[in-house]
Novice: 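Structure incoming, see below.
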Amino acid sequence: MNKFMGGILGVSGMFLGLILAGPSATAGTVVVCNSPATGMCGEYDLNNAQTAEQYMQSCKSMGSQASYGGQCNRSGAACQHSSGIGSVTTYVYNLDPSVVHESCRQNGGTPL
């Protein structure tokens, strides 16, 4: 795995860690976190508004663009992870799709 892909896994892993550690709830809220600097965008479909607000703040604190609703540019290779509080689909724009999909599988995700 190249150094850049390790960085992607670190960023995705941080958000996945938030998903796995967060509380569960009932109402769905989508947060989009777009990071042009890393060539990635994540769509977080979360089960409650409080968790969604935490994701918004985390995204903004990393210098990324955050919004409620909407969607990422879906032209990149994608990987989905799910947990009890929601799911994340991460799109990667600047790596070969085969590299993204293999990394996705190795980290428990589903390549899309």
Side-chain angles (χ1 to χ4, degrees):
M1 174 182 348
N2 67 37
K3 187 175 184 180
F4 184 75
M5 191 63 195
I8 287 173
L9 292 177
V11 172
S12 294
M14 183 192 80
F15 283 118
L16 179 59
L18 288 173
I19 284 177
L20 296 175
S24 60
T26 56
T29 303
V30 174
V31 172
V32 173
C33 182
N34 184 29
S35 178
T38 63
M40 294 174 43
C41 183
E43 294 176 6
Y44 299 86
D45 188 357
L46 304 165
N47 293 340
N48 74 46
Q50 181 180 4
T51 302
E53 181 59 29
Q54 291 170 348
Y55 274 70
M56 286 284 286
Q57 296 309 315
S58 292
C59 179
K60 289 177 182 178
S61 73
M62 294 186 324
S64 298
Q65 302 159 348
S67 63
Y68 285 112
Q71 64 186 32
C72 296
N73 172 341
R74 296 185 173 184
S75 66
C79 178
Q80 185 175 55
H81 287 90
S82 297
S83 78
I85 68 157
S87 65
V88 59
T89 302
T90 304
Y91 296 88
V92 181
Y93 307 111
N94 52 3
L95 289 175
D96 185 276
S98 65
V99 173
V100 174
H101 291 159
E102 179 60 26
S103 177
C104 179
R105 280 188 287 277
Q106 289 177 355
N107 288 281
T110 302
L112 302 175

Novice: Is it possible for you to say whether V31 and I85 belong to one hydrophobic cluster, with membership spreading through side-chain heavy-atom contacts below 4.5 Å?
Specialist: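 Yes: a chain of side-chain contacts under 4.5 Å links V31 to I85.
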Novice: Can you hop from Y44 to Y68 via hydrophobic side chains spaced under 4.5 Å?
Specialist: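 In one cluster: yes.
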Novice: For the side chain of S103 and the backbone of V99, is there at least one donor-acceptor N/O pair under 3.5 Å apart?
Specialist: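 Answer holds: no.
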Novice: Please assess S35 against M62 for the test side-chain contact (heavy atoms from CB on, under 4.5 Å), listing each intermediate value before the final yes or no.
Specialist: CA-CA 9 Å; S35 178; M62 294 186 324; over 6 Å; no
Novice: Checking N73 side chain against S75 main chain: does a donor-acceptor pair fall under 3.5 Å?
Specialist: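 Yes: the side chain of N73 pairs with the backbone of S75.
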Novice: If Ile, Leu, Val, Met, Phe, Trp and Tyr residues are connected whenever their side-chain heavy atoms lie under 4.5 Å apart, and connections chain through other members, are M40 and L95 in the same group?
Specialist: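 Same cluster.
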Novice: Identify the heavy atoms of G86 and N47 that sit nearest to each other, and give their distance.
Specialist: N-ND2, 3.6 Å
Novice: With a 4.5 Å cut-off on side-chain heavy atoms, are N34 and S64 touching?
Specialist: no
Novice: How many angstroms lie between OG1 in T29 and CE in M56, if you round to the nearest 0.5 Å?
Specialist: 11.0 Å
Novice: Between P111 and C79, is there a side-chain heavy-atom distance shorter than 4.5 Å?
Specialist: no
Novice: If you compare the SG positions of C33 and C41, is the separation below 2.5 angstrom?
Specialist: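 Disulfide absent: SG-SG distance not under 2.5 Å.
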Novice: In Å and rounded to the nearest 0.5 Å, what is the OG1 to CD distance from T110 to Q80?
Specialist: 6.5 Å
Novice: Should V88 and V30 be counted in the same cluster of Ile, Leu, Val, Met, Phe, Trp and Tyr side chains packed under 4.5 Å apart?
Specialist: no
Novice: What's the shortest heavy-atom distance between C72 and Y93, and which atoms?
Specialist: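 Looks like CB-OH, 3.7 Å.
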Novice: Do Q71 and Y91 pair up side chain to side chain, a donor and an acceptor below 3.5 Å, judged on atom types alone?
Specialist: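 Note: Q71 and Y91 side chains miss the donor-acceptor criterion.
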Novice: With the side chain counted from C-beta on, respond yes when R74 and E43 share a heavy-atom pair under 4.5 Å apart, and no when they do not.
Specialist: yes
Novice: Do any N or O atoms from the side chain of H81 and from the backbone of T90 form a donor-acceptor pair under 3.5 angstrom?
Specialist: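 Not confirmed, H81 side chain does not pair with T90 backbone.
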Novice: So, S58 side chain and Y55 main chain: donor-acceptor pair closer than 3.5 Å or not?
Specialist: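 Absent.
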Novice: In Å, rounded to the nearest 0.5 Å, how long is the span from OG1 of T38 to CG of N94?
Specialist: 7.5 Å
Novice: Enter the distance from C59:SG to Q54:CD here, rounded to the nearest 0.5 Å.
Specialist: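 So the gap between those two atoms works out to 14.0 Å.
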Novice: Show the nearest heavy-atom pair for residues V32 and G69, with the distance to one decimal.
Specialist: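 Of all heavy-atom pairs spanning V32 and G69, the closest is CG2-O, 3.2 Å.
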Novice: Do any N or O atoms from the side chain of H101 and from the backbone of L112 form a donor-acceptor pair under 3.5 angstrom?
Specialist: yes
